[in-house]
Amino acid sequence: MSEKKVWSREKRYQPYEEWGAEHLASLKQKIDASTWRLGYHIQPATGLLNDPNGFSFFNDQWHVFYQSYPMGPVHGIKSWYHMTSDNLVDWNEEGTKVFPDSLYDSHGVYSGTALPISDQLFLAYTGNVRDDDWIRHSYQLGAWMDQSGSIKKIEQPLIAAPPAGYTSEFRDPQVFRYKSGYLMTIGAQDETEKGKILTYQSSDLLSWQCIGELGFTDRDMGFMIECPNLLLTDEFALLIFCPQGLDSDVCNYQNIYPNMYVIGDSYQSESNCLTNPSSLKNLDEGFDVYATQAFKAPDERLLSISWIGLPEIEYPTDQEEWAHCLSIVKELIVKDKKLYQRPVEEMKQLRLDEGILFDNSKDSYRETATNHYELALSFNSLATGTLTLYADKEQKQGLTIHFDSQRGKMTIDRSHAGVLFGEDYGVVRSFSIEQKPLKLQIFVDSSVVELFINDGEKVATMRVFPEKGHAGFHLTCDGDYQGQFWQLRKTNQ
């Protein structure tokens with residue numbers, strides 16, 4: 001029986017200090033034996049990791065927090081765990097920084113964002129509170145982090161309750177500068193149980209006024225919207241969000257909940273809407289991306305990081321006392337109202353060598369020393385073929401990526417890629433690609449694959465849990481190609 005199925009509510013919400021050091025030590029011992037631990041992705045030391053939070057640049061460092069429940073691979077009482085980096089690749093653990101220890105976040109520190117203000121980092125997050133009848137109350141809260149990493153919570157809520165007409169499903173504040181003040185977007189549910197995004201404005205970060213629902217579509221967005229991120233430039237407005245209960249006729253998807261985006265020409269504050277918004281599109285075509293958070297960096301790049309995991313899905317590592325990870329950092333680029341997601345240039349710092357070049361073998365199997373590598377393939381013409389990752393020598397197992405650029409289609413199948421999971425939502429993903437010569441850039445890391453197609457026109461991310469010894473890739477195709485392979489160093493030691 002899965003560990004998830006025997007966790008009581010009382011255990012999930014037991015205060016951290018009541019667990020004892022021996023519990024975490026026993027978890028760590030089991031985790032250390034895992035063959036699926038990651039080399040260069042952010043992962044929890046113990047327990048569960050989910051939404052990335054507070055992704056920012058402050059005090060000459062990159063910062064990201066993530067929602068954490070360290071006591072087991074379940075959604076228990078959440079805190080924020082802090083990571084820092086000098087290069088967006090090597091991340092240092094700074095420990096749990098925002099604890100569920102106040103009147104307004106007693107049952108969990110939920111998702112939010114961060115914004116540098118002078119010599120402090122302003123944190124905005126949702127506090128989760130349950131009353132004696134286990135009814136949820138949501139508060140939008142604030143805190144300040146100084147240059148030493150110390151956190152001081154703002155005593156009173158920034159927003160003490162959802163506005164009239166909305167339920168307590170009200171969370172995930174995103175705060176950013178706008179003109180001479182600040183805007184906040186919040187995921188919400190109205191009293192008819194329809195998913196919405198609410199917008200607030202402030203001049204001082206402490207007093208917030210609701211200016212209404214953000215206009216970006218006339219379609220029904222399901223029963224809830226989580227993790228809204230609105231990114232504004234002089235050329236476009238990009239909205240990233242997670243609708244729950246979305247009808248697949250609105251936008252086709254297979255995951256339990258999708259991560260999606262809309263691109264508008266601009267944001268109009270007077271009408272609180274995106275002008276000329278595009279149709280809804282999947283942010284990721286794979287199996288496991290959710291809760292993406294993005295911000296505009298000081299160098300003007302739009303950077304994003306995602307939770308590689310999904311709510312309400314059990315993963316094989318649950319049995320090893322840990323769950324989930326974060327994606328590598330991507331740069332977001334919009335051209336001609338099309339979103340491109342690309343691995344940040346800093347990822348090249350992981351390469352251990354100049355790369356092995358290969359080409360034009362019609363049927364090629366290559367064994368790799370480890371499952372920590374980058375693979376680039378470029379096809380000279382319209383091509384059809386299959387790439388198998390985590391392949392065994394007999395070529396009976398592995399994650400298969402079938403591409404057909406003549407017909408403009410790609411299919412990813414993980415039904416023979418080790419331990420199966422999440423089968424209720426399918427083990428195959430099929431989607432369209434451009435009918436042109438194909439380029440693939442692939443990052444493999446023990447139990448994660450991040451696939452970038454045609455310079456980031458589309459991205460597919462997935463967890464894969466291979467059997468021991470499956471550390472090779474196999475390519476068959478009907479066209480000429482060039483390939484390059486790099487072994488990548490570990491950052492998690």
task: Give a yes/no verdict on a cation-pi contact between R9 and W134, requiring under 6.0 Å between NZ or CZ and the six-membered ring centre and an angle within 45° of the axis.
output: yes

task: May I ask you to decide if Y166's main-chain N or O and D190's side chain share a donor-acceptor pair within less than 3.5 Å?
output: no

- request: Over all heavy atoms of both residues, which pair between A294 and S304 is shortest? Give the atoms and the distance, please.
  value: CB-CB, 3.8 Å

query: Where is the tightest heavy-atom contact between L38 and D445, given as atom of each residue plus distance?
result: CD2-O, 2.9 Å

- request: Would you please name every residue forming a ring-ring contact (aromatic ring centres under 6.0 Å, His included) with F122, sequence neighbours left out?
  value: W144

query: Are D131 and R136 close enough for a salt bridge, meaning some N to O gap below 4.0 Å?
result: no

- line: So ring-ring contact (aromatic ring centres under 6.0 Å, His included) across residues 244-276, not counting sequence neighbours, yields Y178-Y267

Closest non-hydrogen atom pair between N259 and A291, with its separation: OD1-N, 3.2 Å

Donor-acceptor under 3.5 Å (T46 side chain, K28 main chain): no

- request: Begin from the C-alpha positions of K78 and D105 and carry the test salt bridge (charged side-chain N to carboxylate O under 4.0 Å, His left out) through to its verdict.
  value: CA-CA 9 Å; K78 300 290 180 63; D105 58 18; over 6 Å; no

- request: Answer yes or no: is there a side-chain heavy-atom contact under 4.5 Å between D51 and C227?
  value: yes

task: Kindly assign one of parallel, tilted or perpendicular to the pair H372 and Y40, based on the angle between their ring planes and the thresholds 30° and 60°.
output: perpendicular

message: Please determine whether a side-chain nitrogen of the Lys or Arg among E213 and K194 lies less than 4.0 Å from a carboxylate oxygen of the Asp or Glu.
response: no

task: For the pair W36 and F465, name the ring-plane relationship: parallel under 30°, tilted 30 to 60°, perpendicular over 60°.
output: perpendicular

message: Closer than 4.0 angstrom, basic N to acidic O: yes or no for E10 and R12?
response: no

query: Checking D133 side chain against I135 main chain: does a donor-acceptor pair fall under 3.5 Å?
result: no

Those residues that, when tested against Y425, pass ring-ring contact (aromatic ring centres under 6.0 Å, His included) (two or more places apart): none

task: Can you see which heavy atom on I151 is nearest to which on A143, and at what distance?
output: CG2-CB, 4.0 Å

Contacts of type ring-ring contact (aromatic ring centres under 6.0 Å, His included), residue Y81, not counting sequence neighbours: Y66

query: Which residues satisfy the side-chain hydrogen bond (donor to acceptor under 3.5 Å, both in side chains) test with Q140, sequence neighbours excluded?
result: T126

query: Aromatic rings H63 and F58: how do their planes relate, parallel, tilted or perpendicular, breaks at 30° and 60°?
result: tilted

- prompt: Between H324 and H75, how do the two ring planes meet: parallel, tilted or perpendicular, split at 30° and 60°?
  reply: tilted

field: Within 45° cone of F287 ring axis and under 6.0 Å: R414 NZ or CZ
entry: yes

query: Hey, what do you get for CE (M462) to CG (L451), rounding to the nearest 0.5 Å?
result: 5.5 Å

task: Answer yes or no: is there a side-chain heavy-atom contact under 4.5 Å between P100 and S106?
output: no

Partner residues of S34 under the side-chain hydrogen bond (donor to acceptor under 3.5 Å, both in side chains) criterion, sequence neighbours left out: E320

query: Are D265 and K337 close enough for a salt bridge, meaning some N to O gap below 4.0 Å?
result: yes

task: Can you sort out the partners of F65 under ring-ring contact (aromatic ring centres under 6.0 Å, His included), two or more places apart, ordered by chain and number?
output: W80, H82

message: Tell me whether the count of non-hydrogen atoms from other residues, nucleotides or ligands lying under 6.0 Å of CD in Q29 goes above 12.
response: no

- prompt: So, does S306 use its side chain to make a donor-acceptor pair with the main chain of S327 at under 3.5 Å?
  reply: no

- line: Of all heavy-atom pairs linking D101 and K153, the shortest is OD1-NZ, 2.5 Å

query: Do any pairs count as a ring-ring contact (aromatic ring centres under 6.0 Å, His included) and have a residue in residues 215-248, sequence neighbours left out, and if so which ones?
result: F216-F241

With sequence neighbours excluded, residues passing side-chain hydrogen bond (donor to acceptor under 3.5 Å, both in side chains) with Q189: T167

- request: List in chain and number order the residues that pass side chain to side chain contact (heavy atoms under 4.5 Å, CB included) with E423, two or more places apart in sequence or in another chain; answer none if no residue qualifies.
  value: L420, V427

Pairs under 3.5 angstrom only: tabulate donor-acceptor contacts from the side chains of residues 242-251 to other protein residues two or more places apart or in another chain.
unit_1, atom_1, unit_2, atom_2, d
Q244, NE2, E226, OE1, 3.0
Q244, NE2, Y290, OH, 3.1
D247, OD1, D249, N, 2.8

field: Check: T199 main-chain N/O paired with T185 side-chain donor or acceptor under 3.5 Å
entry: no

task: Answer yes or no: is there an ion pair linking E94 with K97, defined by an N-O contact shorter than 4.0 Å?
output: no

message: According to side-chain hydrogen bond (donor to acceptor under 3.5 Å, both in side chains), who are the partners of R301, at least two apart in sequence or on a separate chain?
response: D299, E346

query: Is the number of heavy atoms from other residues, nucleotides or ligands within 6.0 Å of CD (E17) greater than 12?
result: yes

